[in-house]
Each structure stands twice: as structure tokens, then as C-alpha cells.
Amino acid sequence: MSGITVGIAGITGRFARQLASALLKYPQVTIKGYCRDPSKVPQAISSKVSLAKGDGYDVSASRSFVTGCDVVVCCYLGDNELMVEGQKVLIDACAAEGIPRYVASDWAMDYTKLEMGQLFLKDPMIHVKAYLDAQDKVKGVHVLTGMLMDLIFSARFGVWDPASTTFSYWGTGNEIWEATSYQNAAEYTAAVCVDKDAVGIQKLVGGRASVREISDSFEKIYGVKPKLECQGSLDDLFKHMHGLQKNKPQDFLAYIFLFFQYYMGNGQTLIGPAVENDKYPQVKPVSWEDFLRAVPQDKLPSAHDDAGQDEQEKGWTK
């Protein structure tokens with residue numbers, strides 16, 4: 001198999017580190033990394049990749065970074081300006097240097113079914129996809145994974161309460177939640193990078209289950225039966241989240257994850273049931289039950305913060 005050079009922009013980030021680790025398992029892959037401070041790249045990765053320094057708006061540095069790549073992956077995570085204008089700088093650099101594919105910073109539910117402003121944190125993705133669709137020299141790649149499992153168990157998401165062993169939800173409890181773990185999303189993205197024919201929307205989802213089914217898996221894995229607590233209907237959630245946004249718009253964290261819960265639960269952004277996992281048999285999809293089996297119960301709340309670290313760094317080993 002011929003060699004392939006993958007550029008990772010924002011290589012110091014949590015997801016980028018996992019992607020680099022997944023790519024390094026492919027012997028034909030060479031990695032170029034781009035970030036503001038190369039000293040922040042873990043030695044386990046920095047020793048095996050070439051690194052370039054620059055920020056999201058540095059046109060010259062971006063063009064130098066992408067030169068020689070077969071595909072560039074954007075792992076930026078920041079404000080709307082970075083997520084739109086910063087990505088446009090990279091896309092323009094790819095077009096100028098003849099890079100055929102650009103993997104946008106997505107890894108999300110199917111935002112293509114959203115109207116602008118509905119789930120406002122995903123508006124930049126809509127803008128970037130439109131910008132890529134208008135390109136004639138570089139093809140956009142969009143990896144849709146659903147939510148990230150690691151995040152859903154964090155305190156900030158508002159679903160899992162470890163103190164009372166309770167899953168909270170809005171709706172009936174039978175709504176399908178699509179999600180993929182950080183590591184599994186990275187594994188699928190690595191496979192997409194290596195697949196030179198992969199362009200456009202890629203539907204790659206680890207697990208699809210309702211909160212009731214997740215609760216059953218929790219009891220099966222940990223031997224503890226969690227409580228299920230309904231917070232109200234989806235209509236109640238819609239009114240509640242918009243009320244919080246209107247009354248305290250500056251208190252962003254008080255309502256943003258409610259928006260994700262709403263659009264995760266109302267079916268509008270579902271990727272499946274038909275997904276494309278079978279395109280990459282070398283990657284095993286990690287279901288909700290698989291994820292629970294891999295993470296100690298007491299580590300679930302910190303799984304998001306632990307993503308991108310090895311087990312010793314996570315404190316999972318003795």
C-alpha cells in the first residue's frame with residue numbers, strides 16, 4: 001500500500017492526540033502536526049511526527065504546514081471565529097497547495113438537518129460545509145459520529161449523577177441516543193484518512209440506544225441498578241432551554257447542553273439507523289455497553305477529561 005501523509009491541525013487537542021495515536025498504527029502513514037506551541041505535544045507523539053508552529057489565522061504557516069499532505073484534518077476547538085475563519089484559512093491553504101481532501105472539525109450529530117440557529121454551537125459546521133461544497137480543488141470530508149460518549153457522562157452534560165446513581169432524561173426515555181467514544185471516533189477518522197476514496201459525509205457511529213437500554217447495560221456491567229428520572233417532556237425541555245437562554249444569555253453553560261439533549265432526543269439529527277461502519281472492518285464499533293465495560297464506574301464522570309491519555313495517566317492502573 002502506498003504511503004499517505006496526514007496533516008493534523010490543532011494536534012495538541014484531546015481528540016487530535018487520539019487521532020495521532022490511531023494513525024500511528026498504520027505503517028504507511030506519516031503525520032505532520034500544526035499547533036501554536038509544539039512543546040505541548042506529548043513526547044509519545046512528538047517523537048513520531050513532524051511539527052510546525054503557527055496559529056489558526058497564519059496564512060503563510062498554514063500553507064507551509066499542508067504542503068505535501070494527502071489529507072488534512074482540522075481538530076480545532078474554539079470560538080465561532082476560529083471554527084469558521086480558521087478553517088477557511090486551512091481550506092484555502094489546501095486548495096492553493098493541491099491537497100485533495102480536508103476533514104472538517106465535525107464529529108457530531110447530523111447537523112446537516114439543522115436550520116441555522118437551532119443548535120447554534122453547530123452553526124460554524126454548517127458554514128464550513130457550505131464553504132467546502134463550493135470548492136473545486138479540495139473535497140470536504142465530514143465524519144458524523146453522534147455525541148461523544150465520554151462527554152455525556154460528565155457533570156456538565158447533566159445526564160449522569162454518580163452521587164445518586166441516576167440517569168436524568170427528557171422525553172419518554174425511549175428516544176435513541178447516538179454516540180461514539182473519543183477513541184472510537186479517532187479510530188474511524190484514521191480509517192477515513194487512509195481511505196483515499198472517502199469524501200463527503202461519513203456516517204460512523206459506535207452505539208445507538210435509549211437511556212433505558214443504557215441503564216440496563218449499566219446494571220449488567222457494574223451490578224448496580226441506576227435510577228431513571230424524567231425531567232419532563234421534550235416540549236418542556238424546549239421551553240426550559242430557551243427560557244434560560246433568553247433570561248441569562250451570558251450563562252452559556254447553564255443551557256448549551258440542554259440544547260444538545262433536545263436535538264439528540266427529538267430525532268432531527270439522527271444519523272442512523274443506516275450507518276457505514278462496515279466500510280472499515282479494521283475498526284470495531286464501541287457500543288454504549290462496550291464503553292461502560294471499558295471504563296470503571298467511578299471514572300465515568302472524568303472520562304471526558306481523561307480522553308487522550310493512556311491508562312496510567314488516567315489513574316486506571318495500579
Side-chain angles (χ1 to χ4, degrees), residues 6 8 15-16 18-19 22-23 26 71-75 77 83 87 91 100-116 118-119 121-133 135 138-152 174-211 213-214 259-291 307:
V6 181
I8 302 178
F15 181 79
Q18 294 221 336
L19 175 59
L23 283 166
Y26 292 86
V71 58
V72 168
V73 186
C74 180
C75 293
L77 180 62
M83 299 308 292
Q87 288 203 77
I91 294 165
R101 292 189 298 146
Y102 176 88
V103 182
S105 185
D106 292 337
W107 305 287
M109 53 186 63
D110 192 351
Y111 62 87
T112 67
K113 299 175 182 177
L114 291 167
E115 297 175 13
M116 195 72 74
Q118 283 188 315
L119 182 53
L121 205 60
K122 297 304 176 188
D123 286 354
M125 296 179 176
I126 298 174
H127 285 294
V128 169
K129 186 177 185 301
Y131 193 74
L132 279 164
D133 288 346
Q135 300 291 317
V138 56
K139 298 291 187 182
V141 185
H142 307 274
V143 182
L144 302 183
T145 59
M147 291 297 299
L148 292 166
M149 291 177 182
D150 317 58
L151 176 62
I152 288 176
N174 296 316
E175 294 83 2
I176 295 297
W177 292 0
E178 293 179 328
T180 306
S181 73
Y182 263 94
Q183 181 176 344
N184 205 204
E187 291 167 344
Y188 275 121
T189 304
V192 167
C193 289
V194 173
D195 178 6
K196 295 183 179 182
D197 295 325
V199 296
I201 297 290
Q202 308 293 311
K203 299 181 178 182
L204 303 165
V205 180
R208 306 181 78 250
S210 70
V211 67
E213 291 169 327
I214 296 167
F259 275 77
F260 276 101
Q261 288 186 48
Y262 178 77
Y263 287 104
M264 182 172 71
N266 76 346
Q268 183 176 342
T269 62
L270 285 178
I271 299 165
V275 294
E276 300 171 307
N277 298 1
D278 290 346
K279 286 170 51 176
Y280 304 111
Q282 72 270 37
V283 179
K284 179 185 181 300
V286 175
S287 68
W288 284 99
E289 189 164 304
D290 294 332
F291 177 78

**OP:** Might you work through the side-chain contact (heavy atoms from CB on, under 4.5 Å) test for I91 and V128, ending with a clear yes or no?
**Re:** CA-CA 9 Å; I91 294 165; V128 169; 4.0 Å; yes
Subject >> side chain to side chain donor-acceptor pair (under 3.5 Å) against Q135, all qualifying residues, sequence neighbours excluded >> reply: none
**OP:** Measure the NZ-CG distance between K279 and D195 for me, rounded to the nearest 0.5 Å.
**Re:** 6.0 Å
Throw together a table of side-chain donor-acceptor distances under 3.5 angstrom for residues 141-151, partners on residues two or more places apart or in other chains.
unit_1: H142; atom_1: ND1; unit_2: D106; atom_2: OD2; d: 2.8
unit_1: H142; atom_1: ND1; unit_2: Y111; atom_2: OH; d: 3.2
unit_1: D150; atom_1: OD1; unit_2: Y182; atom_2: N; d: 2.9

Original post:
Taking T180 for the side chain and G206 for the main chain, is one N or O donor matched with an acceptor at less than 3.5 Å?
Top reply: yes
**OP:** Determine whether I152 and M264 make a side-chain contact, defined as any pair of heavy atoms from C-beta on separated by less than 4.5 Å.
**Re:** yes
Original post:
Which residues pass the salt bridge (Lys or Arg N to Asp or Glu O under 4.0 Å) test with K284, sequence neighbours left out?
Top reply: D290
Original post:
Distance-only, no hydrogens or angles: does the R101 side chain make a donor-acceptor pair with backbone N or O of C193 under 3.5 Å?
Top reply: yes
**OP:** Sequence neighbours left out, what passes salt bridge (Lys or Arg N to Asp or Glu O under 4.0 Å) with E213? Give chain and number order.
**Re:** none
Subject >> Partners passing ring-ring contact (aromatic ring centres under 6.0 Å, His included) against F291 (at least two apart in sequence or in another chain) >> reply: F153
**OP:** Return yes when atom CD of Q282 has more than 12 non-hydrogen atoms of other residues, nucleotides or ligands closer than 6.0 Å, and no otherwise.
**Re:** yes
**OP:** Enter the distance from T189:OG1 to L204:CG here, rounded to the nearest 0.5 Å.
**Re:** 7.5 Å
Per-pair distances, 0.1 Å, donor-acceptor, side chain in residues 269-277, under 3.5 Å, sequence neighbours excluded:
unit_1: T269; atom_1: OG1; unit_2: Y263; atom_2: O; d: 2.7
unit_1: E276; atom_1: OE1; unit_2: K203; atom_2: N; d: 2.7
unit_1: N277; atom_1: OD1; unit_2: V205; atom_2: N; d: 3.1
unit_1: N277; atom_1: ND2; unit_2: V205; atom_2: O; d: 2.8

**OP:** Taking W288 for its side chain and W177 for its backbone only, find out whether a donor-acceptor pair lies under 3.5 Å.
**Re:** yes
Subject >> Residues that Y262 engages under side chain to side chain donor-acceptor pair (under 3.5 Å), provided they are two or more places apart >> reply: none
Subject >> Of all pairs that satisfy salt bridge (Lys or Arg N to Asp or Glu O under 4.0 Å), the ones with a partner from residues 175-190, not counting sequence neighbours >> reply: E178-R208
Subject >> For Y26, all residues meeting ring-ring contact (aromatic ring centres under 6.0 Å, His included), sequence neighbours excluded >> reply: none
**OP:** Quick one: list whatever passes ring-ring contact (aromatic ring centres under 6.0 Å, His included) with W107, sequence neighbours left out.
**Re:** F15
Original post:
Above 12 or not: heavy atoms from other molecules or residues under 6.0 Å from NZ of K139?
Top reply: no
Subject >> Heavy-atom pair with the smallest gap, counting every atom of M109 and F260 >> reply: CE-CD2, 3.9 Å
Original post:
Mind checking what makes salt bridge (Lys or Arg N to Asp or Glu O under 4.0 Å) contact with K113, not counting sequence neighbours?
Top reply: D110
Original post:
About how many Å separate CG of L132 and NE2 of H127, when rounded to the nearest 0.5 Å?
Top reply: 13.5 Å
Original post:
Who passes salt bridge (Lys or Arg N to Asp or Glu O under 4.0 Å) against D133, sequence neighbours left out?
Top reply: K129
Original post:
Looking at A190 and A22, what are the two nearest heavy atoms and their distance?
Top reply: CB-CB, 3.8 Å
Original post:
Rounded to the nearest 0.5 Å, how far does OG of S105 lie from CD of Q87?
Top reply: 5.5 Å
Subject >> Atom of P124, atom of L121 and distance for their closest heavy-atom approach >> reply: CD-O, 3.5 Å
**OP:** Find the distance between SG (C75) and CD (Q18) and round it off to the nearest 0.5 Å.
**Re:** 11.0 Å
